Amino acid sequence: MKKVSPPGLEKQAIKAKARQGFFIGLPSIAYLLIFFIIPLGYVIAYSFATRSRSGRTELRDWNVDAYIRLGEDVVQAVAWRSLWIAVLTTVICLLLAYPLAFFISTRRPVIRNLLLVGIMIPFWSNFLIRTYAWRVLLSSDGLFTKVVEGLGLGDGRILFTRPAVILGLVYGYLPFMVLPLYASIDRINWSLVEGARDLYASGWKAFRRIVWPLSRPGVVAGSILVFVPSFGAYVTPAILGGNKESLMGSYIVDQFMDARNGPLGSSLSVLVLGVMLIGTMIYFRQGGRNL
Amino acid sequence: MKKWIALVALLGVFSIMTAACGSDDETSSFKQCEAGETDGDLAFYNWTEYMDPDLITAFQDEYGVTVTEDFYPSNEEMVAKVQVGNSGYDMVVPSDYMVSILIEEGLIQPVQDAAVPNKGNVDALFANPPYDPGAEYSAAYQWGTTGIGIDIGVTGADIPHTWGLLFDADLAEQYGLSGKISLLDDPRETMGAALKYLGYSLNSTSDDELAEAEAVIKDAVSRVAAFDSDQYSELVVSGETIVGHGYSGNFLWDFEEGESEYDYFVPEEGGTVWVDNMAVVSDAPHPCTAFAFMNFLLDAENGAQLTNFNWYASPNGAALPFIDQEVLDNPIIYPPDQSKLEYIADTGDFEINFTDALTRARS
C-alpha cells in the first residue's frame with residue numbers, strides 16, 4: 001500500500017521548509033540588502049540627482065543630465081580606452097592561462113595541487129602592495145628593466161606607460177583566468193578525445209571539436225572574471241601608468257573627489273554596472289549552467 | 001520579471017527614504033563652552049604626517065582626555081565622511097576653499113571666541129581670510145605653497161624659476177627633463193599651474209583661458225612621466241623623475257633623505273598658497289574638548305612646536321619667537337616674495353570644467 005500524506009500536512013511541511021530556508025538565509029539576505037541593494041539604490045538615485053553649486057548632491061530636481069553627459073566626447077574617449085585595455089588584458093590572460101591550465105590538469109595529483117597552491121599564493125598578500133612592488137621592479141634601475149636591457153631586448157623602461165598598465169593587469173588577474181579554466185579542462189572526459197583520434201581526427205581537429213567546446217564554460221567564466229575588474233581598474237593605472245591616460249576607474253574617482261560631481265560619478269558607475277551585467281548575462285547564456 | 005519589478009520598487013522606496021533623511025534641517029543652536037572646558041574624549045580628523053605626536057600627549061596629560069587621530073589624504077575625502085552626518089569627528093583641518101564650502105553646507109560651527117582666547121595669536125594676515133571673512137568658523141593651522149621641487153644635482157643650480165620647467169619643450173630639452181617630470185593629479189592645481197604659466201589667475205573662469213591652459217598640458221603630456229599627488233617627492237628623490245609639481249613641506253621632508261642636491265621654489269609667475277584650518281564639526285559629539293584643543297594649538301609655544309615638527313609655516317604670529325631660526329630662514333617654508341601667491345577659490349559649477357579640461361588634456 002502506498003502511503004499518501006494528506007495534502008494539508010504536505011502543504012504545511014513545504015511551508016515550514018520554506019520558512020526554515022528563509023531564516024537560514026536571513027543573515028545573507030540582510031547582508032546583501034544593507035551592503036549591496038541599499039548602496040546600489042543610492043548610486044542610482046544620485047545619478048538622477050542635481051549637483052549644487054558647492055558640490056553637494058541634492059536629491060531633488062530629478063533629471064537625466066548625468067546620462068546625457070555620457071554621450072560627450074570626453075566620456076566616450078575614456079570609456080572606449082578602458083574597454084580596449086580590458087579586452088587586451090582578457091585576451092593576453094586567456095592566451096597565457098589556457099596552456100597553463102592544460103598543463104596543470106594533466107599532472108599527477110600531488111604536483112597538480114602544488115601548482116594550484118602556487119597560483120593562489122599571490123592572494124596571500126595585498127594587491128596594492130604587489131602593485132607597488134611592480135613599480136620597484138619596473139623603475140629605471142629595477143630588476144625588470146635591467147634584465148630586459150641585459151638580454152638586448154631594447155629599452156626596458158616601461159614604467160608609466162600603457163604596456164606597464166597591461167602588465168600589471170595581466171599579472172593581477174591571471175589567477176582568475178587559470179582557476180575556472182582548470183576547473184573545466186580537468187572535467188573533460190579524455191576518452192572522447194581518444195575516440196576522435198581513433199576516427200582519424202587530427203590533433204588540431206580533436207582540440208577544436210572536443211576540447212575547446214568542453215572547456216568553453218571555463219573560458220567564458222575566466223574572461224568575465226578578468227574583463228570586469230580590468231574595465232574599472234583604478235589602482236594599476238594609477239600606480240604603474242602614472243595616471244597619464246584617463247580610464248574609467250580614475251575618471252569616476254575624479255568626479256567624486258575633484259569635480260565633486262556626484263550625479264556624473266554615479267551615472268558612470270551605472271554604466272560600468274551595465275557593462276558588467278551584460279557580461280554576466282552572456283555568461284549565463286553561454287553555458288554558465290554547465291559549470 | 002516580477003522579481004525585477006519588486007527590486008526596482010524597493011530601490012525607489014530607499015531613494016525616497018534617503019531623500020527624506022537628507023532634507024532633515026538642523027536648527028538647534030550649538031552647545032556653548034567655556035575656556036578650558038572639556039566634555040569628553042576628542043576625535044580628531046587630520047591630514048597625514050601633519051601633527052606632532054608629542055603635542056597630542058601633552059594635551060592628553062594636561063586635560064585628562066584621550067585623543068584619537070584619524071587621517072585623510074584629501075579635503076574631498078574628509079568632506080565625504082563629514083557630510084553624511086554623525087561622523088563622530090569633533091575637529092577637522094580643511095584647506096581654504098573647503099572651509100567656504102563647509103560653511104555654506106552648514107557642516108562646521110562658529111568658533112566660540114570665549115572658549116578659544118588664544119585665537120588672538122593668529123597673525124593679522126590670516127585673521128580675515130577671503131574664504132572665511134572674520135575667521136568666524138575656522139582658525140588657521142598651518143600654511144604652505146604649491147610649487148616645483150627639482151634635483152639640482154642633475155640640472156645644476158642655475159635654473160630659471162618658471163613653470164616652464166614643467167611645460168616648456170625647449171627647457172625640457174635643455175635640462176634633459178623629458179620623461180622625468182611629474183605633475184599633480186589634481187585638476188585645480190595642475191590647470192592652475194598652467195594658467196599661472198600663461199599669466200592668468202588660477203581661479204580663472206574664462207573658457208578661453210582654460211582652453212589655452214589645456215593646450216599647454218596637452219603639449220606637455222608626452223614629456224610627463226606621471227600625474228601623481230602622493231609620491232611626487234619620492235619620485236624625485238629616487239631619481240625616477242628630476243622635477244616634480246607638489247607641496248612645499250612634503251618636498252622638504254623627502255629631500256632630507258636624498259643623496260643629491262635639491263631645491264624647491266614657487267615659480268616667478270606665481271603659484272598657489274594654501275592655508276589649512278582647524279574647524280569644529282557641526283554635529284561634533286565633544287565640541288568643548290575640540291575648542292580646548294584648538295586653543296591649545298594656538299598657544300605660542302605649541303604653535304611653534306608644530307612648525308618645528310612638520311616644516312610648514314605657522315600662521316600663529318605669537319609663535320614666531322619660539323620657531324627654530326633655521327626653519328624661519330628657510331625660503332622654502334617662508335617664501336620671501338609672497339606677492340604673487342594666490343588662494344584656490346571655489347568656482348562652483350566651473351569646477352566641472354577644470355576636471356574635464358585635465359581629463360581631455362592627458363589623453
Side-chain angles (χ1 to χ4, degrees), chain A residues 33 37-49 51-60 62 69 72-75 77-78 81 132 135-136 138-142 157 159-161 238-247 250-251 253-265, chain B residues 7-8 10-23 74-77 79-80 83 100-105 107 179-180 182-183 185-188 221-222 224-231 235 238-241 346-349 351-363:
Chain A
L33 190 71
I37 306 280
I38 294 179
L40 185 63
Y42 266 95
V43 171
I44 293 174
Y46 266 43
S47 68
F48 293 105
R51 177 194 193 271
S52 80
R53 243 193 64 85
S54 58
R56 180 208 281 266
T57 306
E58 296 189 333
L59 296 166
R60 56 177 177 78
W62 304 100
R69 285 213 55 198
E72 282 181 13
D73 290 346
V74 61
V75 182
V78 171
R81 195 176 309 118
Y132 268 112
R135 184 138 154 182
V136 176
L138 296 179
S139 64
S140 302
D141 48 5
R157 283 174 301 170
L159 186 62
F160 303 137
T161 62
I239 295 176
L240 298 181
N243 258 341
K244 270 200 291 184
E245 299 183 297
S246 291
L247 295 177
S250 60
Y251 191 57
V253 173
D254 287 348
Q255 296 313 316
F256 284 108
M257 291 302 176
D258 290 323
R260 297 195 303 285
N261 190 354
L264 181 57
Chain B
L7 191 68
V8 170
L10 200 66
L11 290 179
V13 170
F14 282 124
S15 336
I16 292 162
M17 268 167 56
T18 53
C21 295
S23 59
S74 77
N75 281 300
E76 285 72 14
E77 189 163 324
V79 173
Q83 206 162 38
S100 57
I101 291 172
L102 289 170
I103 296 172
E104 199 175 322
E105 298 281 333
L107 293 170
K180 297 282 190 182
S182 87
L183 297 180
D185 188 12
D186 180 315
R188 289 306 307 274
V221 162
S222 61
V224 168
F227 287 86
D228 195 310
S229 304
D230 306 314
Q231 301 236 312
L235 287 173
S238 69
E240 203 56 51
T241 59
D346 182 38
T347 58
D349 292 335
E351 294 288 309
I352 294 171
N353 300 37
F354 277 101
T355 306
D356 283 352
L358 184 59
T359 305
R360 278 193 301 267
R362 66 175 155 201
S363 48

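None of these values were measured; they are calculated from a predicted model. A note on names: the letters A, B, ... follow the listed sequences, proteins ahead of strands, and every chain is numbered from 1. Worth knowing before you read on, the calculation uses all heavy atoms, side chains too, and leaves out hydrogens, waters and symmetry mates.
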Enquirer: Do A/Lys244 and B/Arg362 have side-chain heavy atoms sitting under 4.5 Å apart?
Expert: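 Not in contact.
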Enquirer: Checking heavy atoms, do the side chain of A/Ile239, its backbone, both or neither come under 4.5 Å from chain B?
Expert: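 Looking at A/Ile239, nothing touches chain B.
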Enquirer: Is there side-chain contact between A/Arg51 and B/Ile352, with at least one heavy-atom pair below 4.5 Å?
Expert: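 Side-chain contact under 4.5 Å: yes.
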Enquirer: With the threshold set at 4.0 Å, does a side-chain nitrogen-carboxylate oxygen contact exist between B/Asp228 and A/Arg135?
Expert: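 Counted as a salt bridge, because a side-chain N and a carboxylate O are separated by less than 4.0 Å.
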Enquirer: At what distance, to the nearest 0.5 angstrom, does CD of B/Glu76 lie from CG of A/Asp254?
Expert: 10.5 Å
Enquirer: Please enumerate all residues that pass salt bridge (charged side-chain N to carboxylate O under 4.0 Å, His left out) together with A/Asp258, with sequence neighbours excluded.
Expert: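 Scan of A/Asp258 (salt bridge (charged side-chain N to carboxylate O under 4.0 Å, His left out), adjacent residues dropped) gives none.
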Enquirer: Can you find a heavy atom in the side chain of B/Asp356 that is under 4.5 Å from one in the side chain of A/Arg69?
Expert: yes
Enquirer: Just give me the residue among A/Gln255, A/Arg157, A/Glu245, A/Arg81 that pairs up with chain B most often, heavy atom to heavy atom, under 4.5 Å.
Expert: A/Arg81
Enquirer: Which region of B/Leu235, side chain (C-beta onward) or backbone (N, CA, C, O), has a non-hydrogen atom less than 4.5 Å from a non-hydrogen atom of chain A, or is it both or neither?
Expert: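 The answer is the side chain of B/Leu235.
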Enquirer: What's the spacing between A/Ser246 OG and B/Phe227 CZ if we round to 0.5 Å?
Expert: 8.5 Å
Enquirer: Heavy-atom distance under 4.5 Å to chain A: side chain of B/Thr347, backbone, both or neither?
Expert: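 For B/Thr347, backbone heavy atoms alone lie under 4.5 Å from chain A.
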Enquirer: Hey, are the side chains of B/Thr355 and A/Asn261 touching, using non-hydrogen atoms and a 4.5 Å cut-off?
Expert: no
Enquirer: Identify which part of B/Glu104 has an atom lying under 4.5 Å from any heavy atom of chain A, answering side chain, backbone, both or neither.
Expert: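 Just the side chain, heavy atoms under 4.5 Å.
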